[in-house]
Structure formats: structure tokens, C-alpha cells
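Let me begin by presenting the structure, written as C-alpha cells, before commenting on it.
Note that these values count all heavy atoms, side chains included, but never hydrogens, waters or copies made by symmetry. Residues: numbered from 1 along the sequence shown.
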Amino acid sequence: GESTSYILSSECTAQGGSTAAPSECPVCCEYPGGGVGTDPATFCMAGGGTIVLPRGVWLTGPFNLTSHCTLFLQAGAKLLGSTDLKEWPLMPPMPSYGSGRDHPGPRHVSLIHGFHLTDVVITGENGTVDGNGEWWWARHRSPTHIEKFTRGHLIELMWCTDIEVSHLVLQNSPFWT
């Protein structure tokens, strides 16, 4: 039969989702099809809460976390970074470098990111965060210099307090984890 995937989203009603959800995620939307999609807005949150990703592959572009939120990857869940370059906007270089690490100027945003946050947990039952790094590294190493900007990190949380990252598999980072 058709599988059903649950993701937290402030866009639930607009996207036709149902508010009926598993007990561990009281404000979720129900989507048929096994959790394949590339809309990073489905992972954005206003005012905190919990995002529960069940078993399956969850294809997404970069997204921001907010304070007082938890991203929980259940066993067998894989959060997979998109290879659609349009989903990876540019941002200023790291303040400590003053320029991009690979190239001067701006850099691509990280897959999971947040600035000036507090009380953020990224955890699970050994679910996987996969940045699709092979694609990024091929662009970086290309003899024709396809990539013109510094690649984004897998996870980047800057100027944050009370952060926990645990019980995950982090793999295939576009740049540094």
C-alpha cells in the first residue's frame, strides 16, 4: 500500500495536509508518498516545536531551525541534501575568515543552519543527515572549476546556546560537517 509520511510545517493547511498525526509529533501534517520532496519550507518552524522524520528519504534544500525546537530522525530516516543548486542560496562568508574558504566572496548556506538560537536539539535513533557531498566535491574538484563559491556545511549553528547534536549519522558533507 501507499506509505504515509509526517512532517511538521506551518504550511499544513495551505498544502492540504491533515492535522492528524502520530502522538510523538502533535502538530504534524500527513503526506502520502513516503516523504520525498524538495520544499525546505516544510522543515521551517515558527516559535519552536518538534520535527519528527520517520523512516524514509527526505530530500530537501537548506533550512533554518528556530529556538526551542527539536529535529528528531527516527531509525531508518535519511535527511538528504538536494543537488538542485537553486535551493542553495548564497550568504556572506564566515566572519572569522572574512572570505569564503574555497573562493573569495559569499558561500553557499549550510544544509541545516541557525544563528543566535537557544535550546535546539538535533537527535534521533541513529537516523542519517546526508549532505549529498559527492555532488559538491565533484563540483569543487572539477578541472573546469564549476563551483564558484565556497560549499555549505552539513550543520552550522552560530552564536547559539544550549545546543545538542546526538545519536545521528552525519555523512557526505558538502564541505565541513
Side-chain angles (χ1 to χ4, degrees), residues 3 5-17 28-46 49 51-54 56-66 69 71 73 77-117 120 122 127-160 165 168-177:
S3 62
S5 302
Y6 296 92
I7 51 181
L8 182 68
S9 171
S10 60
E11 304 290 295
C12 291
T13 306
Q15 294 177 13
C28 291
C29 292
E30 184 177 314
Y31 292 89
V36 178
T38 59
D39 181 7
T42 59
F43 294 105
C44 293
M45 300 169 51
I51 302 168
V52 176
L53 296 183
V57 175
W58 299 84
L59 181 65
T60 186
F63 60 95
N64 288 311
L65 293 176
T66 62
C69 76
L71 173 60
L73 282 69
K78 179 188 278 190
L79 183 64
L80 181 63
S82 169
T83 57
D84 182 349
L85 199 56
K86 292 179 293 211
E87 294 191 54
W88 294 82
L90 297 176
M91 63 183 293
M94 298 272 298
S96 58
Y97 296 134
S99 68
R101 186 79 171 159
D102 294 338
H103 303 279
R107 62 193 173 108
H108 289 284
V109 71
S110 300
L111 180 62
I112 301 172
H113 58 271
F115 304 124
H116 305 283
L117 305 178
V120 173
I122 306 170
T128 301
V129 177
D130 185 324
N132 238 330
E134 299 89 357
W135 181 80
W136 288 98
W137 284 95
R139 291 176 56 81
H140 173 67
R141 294 181 178 132
S142 166
T144 58
H145 306 288
I146 294 170
E147 187 56 65
K148 304 296 183 200
F149 302 100
T150 298
R151 297 156 286 142
H153 299 269
L154 194 60
I155 299 173
E156 181 178 12
L157 302 171
M158 294 177 54
W159 307 292
C160 299
V165 178
L168 298 169
V169 175
L170 305 176
Q171 67 184 30
N172 300 322
S173 178
F175 187 53
W176 293 344
T177 303

(message) Working to the nearest 0.5 angstrom, can you tell me the gap between Leu157 CG and His113 NE2?
(response)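 With rounding to 0.5 Å, CG (Leu157) is 9.5 Å from NE2 (His113).
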(message) Nearest 0.5 angstrom please: Ile155 CD1 to Leu168 CG, how far?
(response)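 Ile155 atom CD1 to Leu168 atom CG measures 6.5 Å (nearest 0.5 Å).
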(request) Go through the steps to decide whether Leu71 and Leu53 satisfy the test side-chain contact (heavy atoms from CB on, under 4.5 Å), and finish with yes or no. (result) CA-CA 8 Å; Leu71 173 60; Leu53 296 183; 4.3 Å; yes
(request) Return the set of residues passing ring pair (Phe, Tyr, Trp, His ring centres under 6.0 Å) with Trp135 (not counting sequence neighbours), or none when no residue passes. (result)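 Ring pair (Phe, Tyr, Trp, His ring centres under 6.0 Å) check on Trp135 returns nothing, list empty.
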Can you see which heavy atom on [X] is nearest to which on [Y], and at what distance?
{"X": "Leu65", "Y": "Cys69", "result": "CB-SG, 3.9 Å"}
{"X": "Trp136", "Y": "Gly131", "result": "CD1-O, 3.7 Å"}
{"X": "Pro106", "Y": "Phe149", "result": "O-CD2, 3.6 Å"}
{"X": "Gly114", "Y": "Leu117", "result": "CA-CD1, 3.6 Å"}
{"X": "Asp130", "Y": "Leu154", "result": "C-CD1, 4.2 Å"}
{"X": "Gly152", "Y": "Pro174", "result": "O-CB, 3.2 Å"}

(request) Evaluate the criterion side-chain contact (heavy atoms from CB on, under 4.5 Å) for residue pair Ile51 and Trp58; output intermediate values, then yes/no. (result) CA-CA 12 Å; Ile51 302 168; Trp58 299 84; over 6 Å; no
(request) Would you indicate whether the side-chain heavy atoms of Leu111 and Thr60 approach each other to under 4.5 Å? (result)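 Heavy-atom side-chain distance check passes, below 4.5 Å.
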(request) Would you indicate whether the side-chain heavy atoms of Glu156 and Phe175 approach each other to under 4.5 Å? (result)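 Side-chain contact under 4.5 Å: no.
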(message) I'd like to know if the side chain of Ser82 reaches the main chain of Gly61, judged simply by a donor and an acceptor atom lying under 3.5 Å from each other, with no hydrogens or angles considered.
(response)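 No; judged by distance alone, with no hydrogens or angles, the pair does not exist.
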(message) Any side-chain to backbone donor/acceptor pair from Arg107 onto Pro92? Under 3.5 Å, distance only.
(response)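 Yes; at least one donor-acceptor contact below 3.5 Å.
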(message) Applying the side-chain hydrogen bond (donor to acceptor under 3.5 Å, both in side chains) criterion to Glu147, which one of His140, His108, Arg141 satisfies it?
(response)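 Answer to the side-chain hydrogen bond (donor to acceptor under 3.5 Å, both in side chains) test with Glu147 among His140, His108, Arg141: His108.
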Output all residues satisfying side chain to side chain contact (heavy atoms under 4.5 Å, CB included) with [X], sequence neighbours left out; order by chain, then residue number.
{"X": "Pro89", "result": "Pro62, Val109"}
{"X": "Glu134", "result": "Asn132, Asn172"}
{"X": "Val169", "result": "Thr128, Gln171"}

(message) Looking at Trp88, I'd like to know if the NZ or CZ of Arg151 sits under 6.0 Å from its six-membered ring centre while staying within 45 degrees of the ring's axis.
(response)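 No, Arg151 and Trp88 do not form such a contact.
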